[in-house]
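One structure is given here, and the rest of the page talks about it.
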Amino acid sequence: MEIWDLYDSEGNLTGETIQRGKELPENRCHLVIHFWVRNSKGEVLTQKRSQSVKSWPGKWSTTGGSVIAGEDSLAGLHREVQEELGIDLKLHPEVRKIHHYQKKQYLVDIYLLESDEIQIDQLSHDSEVETTQYLSRKEMETLIREEKMVPFRNDYL
């Protein structure tokens, strides 16, 4: 059972928690992280979501997930990336937060690692990830149009 901390719309912790899957109260948000690895060709590491996950099964996406109760954004990032890809971000101190936005009841922090060190054949996948590949922006836009990728907004890409 996963428990999330709740935040107000300004990003302040409220001291309240909620179980994943429950409807969030009005004027409350939970924190989500997204992680991008971009290589020197400008390609972004993407993952095909397992058919067994609830949201966007079988669709391509960037790595991400919900921050659980007691974690801050960076701790949630480290945990999600380790779980989903087997990457230890302690070995990559150059990771930086590049964007923060609110979408409905989500506060979203996006982190970027610019590196050619992350190789597909070195990654391990958990049950949420079927496979991984590097994609160009054009390839991602095509997959979005074909409804094979999570429908990110153009400004997200």
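All figures in this text were calculated on a predicted structure; none of them were measured in a lab. Starting from 1, each residue takes its place in the sequence as its number.
Between Q102 and Y7 there is no side-chain heavy-atom pair separated by less than 4.5 Å. The side-chain heavy atoms of M149 and T46, taken from C-beta on, include a pair separated by under 4.5 Å. Looking only at side-chain heavy atoms (C-beta outward), S61 and R49 come within less than 4.5 Å of each other. Proximity of Q82 to I87: side-chain heavy atoms (C-beta onward) are nowhere separated by under 4.5 Å. Counting only heavy atoms from C-beta outward, the side chains of E80 and E83 approach each other to under 4.5 Å. Residues V44 and R137 are not in side-chain contact: their nearest non-hydrogen atoms beyond the backbone lie 4.5 Å or more apart. Residues L107 and Y101 are not in side-chain contact: their nearest non-hydrogen atoms beyond the backbone lie 4.5 Å or more apart. At least one side-chain heavy atom of V95 sits under 4.5 Å from a side-chain heavy atom of L89.
No continuous path of ILVMFWY side-chain contacts below 4.5 Å connects I33 to I68, so the two sit in separate hydrophobic clusters. Under a hydrophobic clustering in which Ile, Leu, Val, Met, Phe, Trp and Tyr are joined whenever their side-chain heavy atoms come within less than 4.5 Å, directly or via other members, V53 and W60 fall into different clusters. Tracing side-chain contacts under 4.5 Å through hydrophobic residues (I, L, V, M, F, W, Y), one reaches L74 starting from L31; they form part of the same cluster. Under the 4.5 Å side-chain heavy-atom criterion for ILVMFWY residues, a single connected hydrophobic cluster contains both V67 and L77. The cluster map of Ile, Leu, Val, Met, Phe, Trp and Tyr, joined by side-chain heavy atoms under 4.5 Å apart, puts M140 and V150 in the same cluster.
Residues G58 and K48 approach most closely at O-CE, 3.3 Å, considering heavy atoms.
For the residue pair Y111/S73, the side-chain donor-acceptor check at 3.5 Å is satisfied. Counted by atom type alone, S136 and E139 present one or more donor-acceptor pairs between their side chains at under 3.5 Å. Between the side chains of Q47 and T63, at least one donor-acceptor pair of N or O atoms lies under 3.5 Å.
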Listing, residues 9-21 side-chain donor-acceptor contacts under 3.5 Å, not counting sequence neighbours, or none:
from: N12; atom 1: ND2; to: D8; atom 2: OD1; distance (Å): 3.4
from: N12; atom 1: ND2; to: D8; atom 2: OD2; distance (Å): 3.3
from: T14; atom 1: OG1; to: L6; atom 2: O; distance (Å): 3.1
from: T14; atom 1: OG1; to: E16; atom 2: N; distance (Å): 3.1
from: T14; atom 1: OG1; to: E16; atom 2: OE1; distance (Å): 2.8
from: E16; atom 1: OE1; to: R28; atom 2: NE; distance (Å): 2.5
from: E16; atom 1: OE1; to: R28; atom 2: NH2; distance (Å): 3.4
from: R20; atom 1: NH1; to: E2; atom 2: OE2; distance (Å): 2.8

Scan the side chains in residues 121-133 for donor-acceptor partners under 3.5 Å anywhere in the protein, sequence neighbours excluded, and list what turns up.
from: H125; atom 1: NE2; to: T132; atom 2: OG1; distance (Å): 3.4
from: D126; atom 1: OD1; to: E128; atom 2: N; distance (Å): 2.8

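Residue S66 holds its OG atom at 12.0 Å from CD1 of I3, rounded to the nearest 0.5 Å. The CG atom of D116 sits 9.5 Å away from atom CD of E43, with the distance rounded to the nearest 0.5 Å. Here the CD atom belonging to Q119 is positioned 8.5 Å from the CG atom belonging to N39, to the nearest 0.5 angstrom. To the nearest 0.5 Å, atom OG1 of residue T142 and atom CG of residue L135 are 9.5 Å apart. Here the NE2 atom belonging to H78 is positioned 10.5 Å from the NE2 atom belonging to H92, to the nearest 0.5 angstrom.
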Audit row: Y106, H30, ring pair (Phe, Tyr, Trp, His ring centres under 6.0 Å) steps and yes/no: CA-CA 5 Å; Y106 302 94; H30 83 279; 5.1 Å; yes
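Under the 4.0 Å criterion applied to side-chain N and carboxylate O atoms, R96 and E114 are assigned as salt-bridge partners.
With sequence neighbours excluded, the residues satisfying side-chain contact (heavy atoms from CB on, under 4.5 Å) with V37 are F35, L45, L113, I118, Y134.
More than 12 non-hydrogen atoms from other residues, nucleotides or ligands lie less than 6.0 angstrom from NZ of K97. Applying the 6.0 Å contact sphere to CD of E23 captures no more than 12 heavy atoms from other residues, nucleotides or ligands.
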